[in-house]
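So the structure is just underneath, and the comments pick up after that.
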Amino acid sequence: MATSKPTDSKVVAGQTTLGTKNKTSFKVWWRDKGWRHAVMWVAMAFAIYPVLWMISAAFNTFNTLGSSNLIPTSVTLDNFKELFTNPLLPVGRWLWNSFYIAFVVATVQVVMSASAAFAFSRLEWRGRRAGLLIVLLIQVFPQYLAFVAILLLVRGIGDVFPMAGLNTHLGLILVYLGGSIGINTWLIKGFMDTIPFSLDEAAVVDGASHFDIFSRVILPLTRPILGVVFIITFVMIYGEYILASVLLSDTNLYTLPRGLFLMISDSYTANWGGLAAASVLASLPVIAVYVPMQDQLVGGLTSGAVKG
Amino acid sequence: MTAPSSARSGRFGSLGPGFWFRFGSMAIIDAMALWAMYSLIDQEQWLVMAALAVGAIGLNFIYFSSKTIPLRYIAPGLVFLAVFIIYPIGYTIYLSMTNFDQANNVNKEQATASLESIKVISDDPAEFALTVYEAPDGELRFLLVDDDGATCFGEPRLKTDPPSDTTCESIPLDDPANPPDEIDGSTKLRLIDLVAVEGELLASAIDTPVGEAVVVTASTAQSGQIQRYTYDAARDVLVDNIEETECVPTDGNYVCADGRTLTPGWRIFIGADNYVDALTDQRVGGPLLRVFTWNVIFAVSVVFLQLALGLGLALTLHNVQLRGIKFYRSILILPYAIPAFISVLIWRGLMDTNFGPINNDLLAWTGYAVPWLTNGFWAKVSVILVTVWQGFPYMMLISMGALQSIPTSLIEAAKVDGANGWQTFRKVTFPMLMVIIAPLLIASFAFNFNNFINIFLLTNGGPQLLTYDVPVGETDLLITFTFSLSQNAGRFALAATFAILIFIIVALISAFSFRFTKRLERLYGNL
């Protein structure tokens, strides 16, 4: 962001500050930079207010809405402890469910999309263009729109393989695996296209097979976009609500979005302290990845959107 | 059998570890496919079975022929795409053309059988006093005594079981009004014992020489049940034995001569009726127009406000060296970095009308409270506010990137031509910016058009509107409306219809986006 090019106003500012009184220099500073700081602080207040409240409510002794202030009067870890001890609201389990489901889906998606992208980007075959067009068209359809059909489909699968039927994590994972394969393949293919073909040719001369080229030449070079695709898919699955709530009915099998909603949906028994504590735990890992990687993630999304 | 990993090429490709990995994986997949086909035959699902067989043979060909190497790379993704996207799309289209809902989700045979199982008490039921005994083997025995003192002693069965041939038998009793403590080695249960078996009792019936008698309370039983409906297969009508009318299958339900429509019905194909209903029927289509209008307003204002705020902040930081810029960015990214389902629930707490911290503070400072989520207008403001909060950092980041990529020579040329700051922004910077971020804005519009999480978790579509035939609220988007149609109202086919309509809209937006981008690129050049 920081550009080396000084703007006009900056030059003017530099000139005026020379040999004028402090009062004017504050005015100039304000006109040049001060107001920008002020705008940033206002924007930050807007951005951070709910976050601060979430943190404060998580450590507050009382877990009702009315008793929670921005600055907690007394600090406790009880809200966190309860997440792992209350059998009626097994938040710890929901966290784990969401985590491992999102992890498995993102991992397998990356492998499948990368290999499909390899075929589209590097190999010559009949139907390649038609295949690309289909991928492009399909990714327009949001999978969750078909939730009624998917419910019936998974019920049917359960008649044959009960372990992947309704109310199982495996069933949900399989459904998710079909979900964003189109867009992911498209994203990775776009990146692979920028890798020079001379590398493949050199590898072929060295006697490499198609699988060697894929696994030893192309994949290592695509690692940046694979990381982005993994994170985007992970976060998407982590927060998916519709399919999870349609396919899972047992409280112990819930994923976080469904479970947290259960925690506060009844206003009489709403447990806001617990929700806040769970929110802190559930958002920390995502924030920890997003903040340092913001440029890559936005870049990844951007190139996908531009091409899609 | 071990094969050297190098040569040994044949028509199956080299027999290295790669081959054995494929061989092992396909063996497992084939075994699963065979098992699935076997049970599909059992369920008489011929079409699905045939599709599965074709798919399995295709996969085997792809992984063992040496001419299909590219397909080996796309096959796994393709399988999931076909099963969990393409098939559900087709099935959704099919469902949208049926009458599938809560009361019509079985086939005709099942619906008929269900209606035939309905039993009613005839006009002249026989009442029995019931006494319960326990046989030495722990099973229950019933003693029935009618008003005339006639007795019947025997083994009960479940109400749901079919009638058995063995009925209870008459036994001589000294005083039928006061049954003895023991009959045939079975001991009478005390009242206190009945409590433990009451559930079992109420589910029981016993066959008497005059027909079935069902347990009504722990101490009474009743006979004289008759079957309400009988199906006449020859004429394909359902005869109502009580009203003495006939019910004819009509559009997926039996409709009786006296005008009653019986449920459950069964699933039938009804073509475009749902679409016609959705677009014309006031009770269903009325909310559709209303929801659609709000849906567009929501998506447009969210994208506009996110961009205005994000771009404003990006311009504030553009071309200037500020201390703490990294810190600002790290804080401002937070709303975007926190998963949406979490931040929305937090906002829901903050905005609670009665106890929420925002209203607490407002009350303390101004004496007024805002009905954030409970009033139609304010609920709309709230969902827009929260969605803008979530998305403005993203707009800020992409605007900052886009501003950087605009060639400075253009800006300088404008200045040389005498344009002032605002003119330069309006005539040069902004149009150039739009070329870069327009596709992103359209993508963002498409995303927010279906922003299920924000609406569902913040207001659940509410506050509810009560004037329609279907559940719908002030802040419902098409997608949340569709969801509650199926979850709360059981109108599955109608939900499928709305899903297809939403898809058409989303597809149109994408097509428009594509053409718009092309047009912008022609106008301003591909950056």
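Just so we're on the same page: letters track the sequence lines, and every chain starts at 1.
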Considering only heavy atoms, which portion of [X] lies under 4.5 Å from any heavy atom of chain A: side chain, backbone, both, or neither?
| X | value |
| --- | --- |
| B:I509 | neither |
| B:Q487 | side chain |
| B:S39 | side chain |
| B:L71 | side chain |

Practice item. Classify the ring geometry between B:F327 and A:W41 as parallel (under 30°), tilted (30 to 60°) or perpendicular (over 60°). Key: tilted
Exercise for review: Just say parallel, tilted or perpendicular for the rings of B:F456 and A:Y241, cut-offs at 30° and 60°.
Suggested key: tilted
Heavy-atom cut-off 4.5 Å, strictly under: side chain, backbone, both or neither for [X] against chain B?
| X | answer |
| --- | --- |
| A:L284 | neither |
| A:P142 | side chain |
| A:E124 | backbone |

Check your understanding: Residues in ring pair (Phe, Tyr, Trp, His ring centres under 6.0 Å) with A:W29, at least two apart?
Key -> A:F26
Exercise for review: Among the options A:G182, A:A47, A:G178, pick out the one with the most heavy-atom pairs lying under 4.5 Å from chain B.
Suggested key: A:A47
Exercise for review: Could you tell me whether a side-chain N or O of A:K33 sits under 3.5 Å from a main-chain N or O of B:Q321, the two making a donor and an acceptor?
Suggested key: yes
Closest approach of [X] and [Y], non-hydrogen atoms and distance?
| X | Y | result |
| --- | --- | --- |
| A:F161 | B:M32 | CZ-O, 3.4 Å |
| A:V160 | B:A36 | CG1-CA, 3.4 Å |
| A:A149 | B:Y91 | CB-CD2, 3.5 Å |

Check your understanding: Looking at residues at least two apart in the chain, or sitting in another chain, which of them share a side chain to side chain donor-acceptor pair (under 3.5 Å) with B:R267?
Key -> none
Check your understanding: Can you check whether A:Y290 and B:Y336 have ring centres sitting under 6.0 Å from each other?
Key -> yes
